[in-house]
Amino acid sequence: ITFNLNKKLNDYETFALKGGCDSIKVISIVRKEIRGKKKYYCQFCIEGEKPMKNRILGKGQVGIDLGTSTIAVSSLNGVSMDILAEKCNKIDRETYIIDRKMDRSRRATNPQNYTETRKWNYSKHYIKLRAKRKELYRKNAAIRKIEHEMTANKLLSLGNVFVVENNPIKGWQTRAKETTINKKGKYNSKKRYGKSIANHAPSEFITILENKVVSLGGKFEKVDIKNSASCFDFTNETFNKHNVGVRKITLSNGNIHQRDMLASFNLQHLVIPNENLKEYDVEQMKLDYPIYCKFEEQEIALYKNGNKKQYKSVIGKW
């Protein structure tokens, strides 16, 4: 537990410290730079279970399909499709301008260092720009974490068994190694999803959600991506590959569904424990399918009516 030395303790901190001095194992001072000023926090490492906040898990299995910037959730209590950390500020353009200013300042202050290696000197202007950039990153990280916490808290009431694919998020960040040429004879970009992952932090969200579920006595299952949740058609029990850009999927019964939400529906019915790959409870899927269709229709209507901000990566041109 960490709290500001200059502020009064809140209810959570007070409850955590009720155990007495015997439960405190380590006390340390943490220094953080906020708005260019150094602030000090007192950090207590306390033995025992952390205080609960009256949150209760629901019942049933919940399927989660995680993307680089999106999260689709399916359960018997609801279906949703959202942007991760949607309220997080877009600072790419602002940090790009600051980086250019810092580079010009550094070159003007240290012209000799571009011909031979010497000690770097930084002007007051450069130091101010560096502090401004650092503050932008700090604010964004704080907003992103709060958004993840709020999203995770909303999901807790949907069930007590959460199933998510163990996606290779590190691989999504890595640039392509092979050089390829498109139909027009131009080189394809080697960029992947590094900037999107940096802005939305899907791995951080999964860690936060897992900690909350496990602490409340639920189960959090990370299953192999070879289960091909986005490819499974339960109506004829076949697997059909789709391109990454495809947002609509047509089942063998003729019904059209949003790709990510359908994948989360499949994960909701993946057999747990997942000893055999691609083993889904098809009979239960047929029973729950009408409920899923109703919830999915309601969710898409929110985007159509403008209640949720439309993103191409969410439902595309529906």
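Worth saying up front: this structure is predicted, and the values here are computed from it rather than measured.
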Could you check whether Asp103 pairs with Arg100 (Lys NZ or Arg NE/NH1/NH2 to Asp/Glu carboxylate O, under 4.0 Å)?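 Salt bridge: no.
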Under a 4.0 Å threshold between the charged nitrogen and the carboxylate oxygen, would Glu165 count as salt-bridged to Lys222?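 Looking at Glu165 together with Lys222, the answer is no, because their closest N to O distance does not fall below 4.0 Å.
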Expected output: side-chain [X] to main-chain [Y] donor-acceptor under 3.5 Å:
{"X": "Ser196", "Y": "Tyr193", "value": "no"}
{"X": "Arg144", "Y": "Asn199", "value": "yes"}
{"X": "Asn77", "Y": "Leu158", "value": "yes"}
{"X": "His148", "Y": "Ala201", "value": "yes"}
{"X": "Asn113", "Y": "Arg118", "value": "yes"}
{"X": "Asn182", "Y": "Lys184", "value": "yes"}
{"X": "Glu221", "Y": "Val161", "value": "no"}

Just verifying a value: how many Å separate [X] [atom1] and [Y] [atom2], rounded to the nearest 0.5 Å?
{"X": "Lys132", "Y": "Lys101", "atom1": "NZ", "atom2": "NZ", "result": "6.0 Å"}
{"X": "Ser80", "Y": "Ile71", "atom1": "OG", "atom2": "CD1", "result": "7.0 Å"}
{"X": "Asp288", "Y": "Ser74", "atom1": "CG", "atom2": "OG", "result": "8.5 Å"}
{"X": "Leu129", "Y": "Asp99", "atom1": "CG", "atom2": "CG", "result": "9.5 Å"}
{"X": "Met102", "Y": "Thr95", "atom1": "CE", "atom2": "OG1", "result": "11.0 Å"}
{"X": "Asn266", "Y": "Cys231", "atom1": "CG", "atom2": "SG", "result": "9.5 Å"}

Looking only at the side chains, is there a donor atom on one of [X] and [Y] sitting less than 3.5 Å from an acceptor on the other?
{"X": "Asp233", "Y": "Thr235", "answer": "yes"}
{"X": "Asp281", "Y": "Gln284", "answer": "no"}
{"X": "Asn227", "Y": "Asn274", "answer": "yes"}

Does any part of the side chain of [Y], heavy atoms only, come nearer than 4.5 Å to the side chain of [X], both counted from C-beta?
{"X": "Val26", "Y": "Phe44", "result": "no"}
{"X": "Glu296", "Y": "Gln258", "result": "yes"}
{"X": "Arg192", "Y": "Trp172", "result": "no"}
{"X": "Tyr41", "Y": "Lys39", "result": "yes"}
{"X": "Leu66", "Y": "Leu84", "result": "yes"}
{"X": "Val79", "Y": "Phe265", "result": "no"}
{"X": "Arg259", "Y": "Val246", "result": "yes"}
{"X": "Tyr126", "Y": "Arg106", "result": "yes"}

Would the number of heavy atoms belonging to other residues, nucleotides or ligands and lying under 6.0 Å from [atom1] of [X] be above 12?
{"X": "Tyr96", "atom1": "OH", "value": "no"}
{"X": "Glu297", "atom1": "CD", "value": "no"}
{"X": "Lys128", "atom1": "NZ", "value": "no"}

Shared hydrophobic cluster for [X] and [Y] (ILVMFWY, side-chain gaps under 4.5 Å):
{"X": "Val271", "Y": "Val163", "answer": "no"}
{"X": "Val213", "Y": "Leu216", "answer": "yes"}
{"X": "Leu76", "Y": "Val282", "answer": "yes"}
{"X": "Ile46", "Y": "Ile27", "answer": "yes"}
{"X": "Val73", "Y": "Ile208", "answer": "no"}

Given side chain to side chain donor-acceptor pair (under 3.5 Å), test Tyr289 with Asn255 step by step and report yes or no. CA-CA 11 Å; Tyr289 183 60; Asn255 291 344; 2.9 Å; yes
Non-hydrogen atoms of [X] and [Y] that approach each other most closely:
{"X": "Lys226", "Y": "Lys278", "answer": "O-CE, 3.1 Å"}
{"X": "His257", "Y": "Cys293", "answer": "CE1-SG, 3.7 Å"}
{"X": "Ser105", "Y": "Thr109", "answer": "O-OG1, 2.7 Å"}
{"X": "Asn110", "Y": "Lys119", "answer": "OD1-O, 3.9 Å"}
{"X": "Phe205", "Y": "Leu155", "answer": "CZ-CD1, 3.9 Å"}
{"X": "Tyr292", "Y": "Met261", "answer": "OH-C, 3.2 Å"}

Would Arg133 and Glu94 count as a salt bridge (charged side-chain N to carboxylate O under 4.0 Å, His left out) if you check the C-alpha gap in whole Å, the side-chain angles of each, and the deciding distance to 0.1 Å? CA-CA 9 Å; Arg133 184 181 63 175; Glu94 198 169 353; over 6 Å; no
Would you check, one step at a time, whether the test side-chain contact (heavy atoms from CB on, under 4.5 Å) holds for Leu251 with Ile256? CA-CA 6 Å; Leu251 301 180; Ile256 299 174; over 6 Å; no
Determine, stepwise, if the pair Asn240 / His242 fulfils side-chain contact (heavy atoms from CB on, under 4.5 Å). CA-CA 7 Å; Asn240 305 305; His242 310 283; 4.2 Å; yes
Begin with the C-alpha distance, continue with both residues' side-chain angles, and end with the deciding distance and a verdict on side-chain contact (heavy atoms from CB on, under 4.5 Å) for Thr179 and Lys190. CA-CA 7 Å; Thr179 303; Lys190 291 187 176 183; 3.1 Å; yes
side-chain contact (heavy atoms from CB on, under 4.5 Å) between Val30 and Lys32, intermediate numbers included: CA-CA 7 Å; Val30 179; Lys32 295 182 180 180; 4.1 Å; yes
Decide if the gap between the ring center of Phe234 and the ring center of Tyr280 is smaller than 6.0 angstrom.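 Not under 6.0 Å, so no.
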Please tabulate, for side-chain N and O atoms in residues 55-65, each donor-acceptor pair with protein atoms closer than 3.5 Å (sequence neighbours left out).
{"unit_1": "Arg55", "atom_1": "NE", "unit_2": "Asn153", "atom_2": "OD1", "d": "3.4"}
{"unit_1": "Gln61", "atom_1": "NE2", "unit_2": "Leu267", "atom_2": "O", "d": "3.3"}
{"unit_1": "Gln61", "atom_1": "NE2", "unit_2": "Gln268", "atom_2": "O", "d": "2.9"}
{"unit_1": "Gln61", "atom_1": "NE2", "unit_2": "Leu270", "atom_2": "O", "d": "3.0"}

